[in-house]
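Taking it in order: structure first as structure tokens, then the write-up.
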Amino acid sequence: MSALDIKGLEHVYPDGHRALDGVDLQVGEGERVAILGPNGAGKTTLMLHLAGLLTATEGEVSVGGVRIAKKTLAEIRRRVGIVFQSPDDQLFMPTVADDVGFGPANLGLRGPELAARVEAALADVGLSDLADRPPHHLSVGQQRRAALAGVLAMRPDIVVCDEPSANLDPASRRDLARILHATAPTLMLVTHDLPYALQLCERAVILDAGRVAADGPTPEILADTELLQRHRLELPFGFSLETALAAMRA
Ligand SMILES: Nc1ncnc2c1ncn2[C@@H]1O[C@H](COP(=O)(O)OP(=O)(O)OP(=O)(O)O)[C@@H](O)[C@H]1O
């Protein structure tokens, strides 16, 4: 069974803008998939559908065989965790531990069980020492890890990350990649950062004008210069795919 099965997904916003125009996508359990595409391609719209935060105009999305519908929303939101780009959208409790425990507490966990869930998630992201700090006192990199801990504490089947590398220094970028590698069960990475997609995801999907324009192994997608140009994607100046792949194999 697929971790994620999207069939003929269309989304038309109330103003008539068609943001998704028939997306078909299957993702296997344990796969790591980068969702690439130019501004306005529909990446965020797709991401919001994965957790049932938008209602499909047409088509359907199933997570682990459970079709997203009003009556399955609670289950879907436990199964799919989204790490939003801006930690302000996610962190709002007085302490990091409270934030990480918020979701599991909503699931009904209490006492030692809740504390253990929070401790484990904070340990996974290397933030155990900062459990009692207010989230707004943390660095951007730490905030992003705290947001990921909040998602991991729900024990999701799929982790969706929106631009996780944005505004991170090189060391924080590496730390987060290592943590995502080690912790995300099935990963959907929405990003403009092509080297990060290469580092983290074996598969890449290009979305453009609300449609899947390409889907394949990330190294092959990134080696296709014409394909990238057609969809306004670019590797950073001076970036060598061969060197990066050799470094990853070493
Ligand atoms: N609430 C909305 N109402 C109307 N149109 C919207 C709304 N949100 C997004 N859109 C439009 O839908 C299209 C897809 O937007 P979306 O944010 O999903 O793209 P994206 O690929 O995530 O872009 P970016 O890379 O800039 O974040 C865009 O043309 C956008 O203007």
Side-chain angles (χ1 to χ4, degrees), residues 4-27 31-61 63 68 70 73 76-77 80-90 140 143-144 147-148 151 158-168 173 176-177 180 184 186-201 203-216 218 221-222 224 227-237 239:
L4 177 68
D5 194 356
I6 303 175
K7 286 196 187 117
L9 182 63
E10 296 182 16
H11 188 87
V12 180
Y13 280 106
D15 67 355
H17 188 90
R18 180 172 288 273
L20 296 178
D21 193 15
V23 171
D24 293 299
L25 190 64
Q26 279 79 45
V27 175
E31 259 194 299
R32 292 188 298 248
V33 183
I35 307 290
L36 312 174
N39 289 132
K43 303 181 297 296
T44 304
T45 307
L46 179 64
M47 184 182 87
L48 295 174
H49 272 283
L50 302 185
L53 296 169
L54 288 175
T55 304
T57 308
E58 284 292 335
E60 59 183 65
V61 179
V63 175
I68 300 184
K70 260 198 190 126
L73 274 187
I76 294 296
R77 287 181 190 155
V80 180
I82 298 189
V83 183
F84 289 96
Q85 183 178 345
S86 164
D88 293 341
D89 291 341
Q90 214 143 2
V140 178
Q143 284 181 347
R144 206 154 284 150
L148 175 61
V151 160
I158 303 179
V159 172
V160 183
C161 280
D162 187 16
E163 290 290 0
S165 59
N167 303 318
L168 295 189
R173 226 174 110 84
L176 189 66
L180 283 170
T186 298
L187 177 67
M188 304 286 288
L189 180 78
V190 176
T191 189
H192 291 282
D193 182 341
L194 303 188
Y196 216 55
L198 179 70
Q199 191 180 345
L200 269 168
C201 300
R203 177 178 168 197
V205 169
I206 297 182
L207 198 67
D208 202 350
R211 289 166 178 264
V212 173
D215 181 352
T218 311
I221 296 270
L222 297 191
D224 189 337
L227 176 74
L228 296 185
Q229 268 173 3
R230 244 190 342 271
H231 300 290
R232 295 196 289 135
L233 296 168
E234 271 176 36
L235 287 163
F237 181 73
F239 181 83

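Order of appearance sets the numbers: ligands from 1, and atoms from 1 within every ligand. The figures that follow rest on heavy atoms only: side chains count, while hydrogens, waters and symmetry mates do not.
Annotation: Ala41 places an N or O atom under 3.5 Å from an N or O atom of ligand 1; distance criterion only. By the 3.5 Å distance cut-off applied to N or O atoms, Ala19 is not counted among the residues near ligand 1.
Without hydrogens or angle criteria, Arg144 side chain to Ala166 main chain gives a donor-acceptor distance under 3.5 Å. The backbone N or O of Gly37 lies less than 3.5 Å from a partner atom in the side chain of Lys43, making a donor-acceptor pair. The backbone N or O of Ala209 lies less than 3.5 Å from no partner atom in the side chain of Arg18, so there is not a single donor-acceptor pair. In this structure, the side chain of Glu58 does not engage the main chain of Gly8 through any donor-acceptor pair within 3.5 Å.
Using a 4.0 Å heavy-atom cutoff, Pro14 is absent from the residues neighbouring ligand 1. The shell of residues lying under 4.0 angstrom from ligand 1, judged by heavy atoms, includes His192.
Nearest residue to atom 17 (O) of ligand 1 from Ile35, Leu36, Thr44 is Thr44 (criterion: closest heavy atom). The option with the heavy atom closest to atom 30 (C) of ligand 1, from among Lys43, His17, His11, is His17.
The nearest protein atom to atom 16 (P) of ligand 1, hydrogens excluded, is given as Thr45 OG1, 3.7 Å; this is a heavy-atom distance. At the shortest separation from atom 24 (P) of ligand 1 among protein heavy atoms lies Asn39 ND2, 3.6 Å. Atom 23 (O) of ligand 1 has as its closest protein heavy atom Gly40 N, 2.8 Å. The single protein non-hydrogen atom nearest to atom 6 (C) of ligand 1 is Tyr13 CD1, 3.3 Å, given as residue, atom name and distance. Distance from atom 19 (O) of ligand 1 to its nearest protein heavy atom, with residue and atom name: Gly42 N, 3.2 Å.
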### Task
Start with the C-alpha distance between Leu228 and Leu222, add both sets of side-chain angles, then the distance that settles side chain to side chain contact (heavy atoms under 4.5 Å, CB included), and finish with yes or no.
CA-CA 7 Å; Leu228 296 185; Leu222 297 191; 4.2 Å; yes
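Under a 4.0 Å criterion applied to the non-hydrogen atoms of Asp15, ligand 1 contributes the atoms 4 (C), 5 (N).
Distance screen at 4.0 Å: atom 26 (O) of ligand 1 has a protein heavy-atom neighbour inside the cut-off.
The environment of CZ in Arg203 is crowded: more than 12 heavy-atom neighbours from other residues, nucleotides or ligands sit within 6.0 Å. Other residues, nucleotides and ligands contribute over 12 non-hydrogen atoms within 6.0 Å of the CD atom of Glu60.
Taking all atoms of both residues into account, the shortest heavy-atom contact from Tyr196 to Leu189 is O-CD2, 4.2 Å.
Under a 4.0 Å N-O distance rule, the pair Arg173/Asp193 qualifies as a salt bridge.
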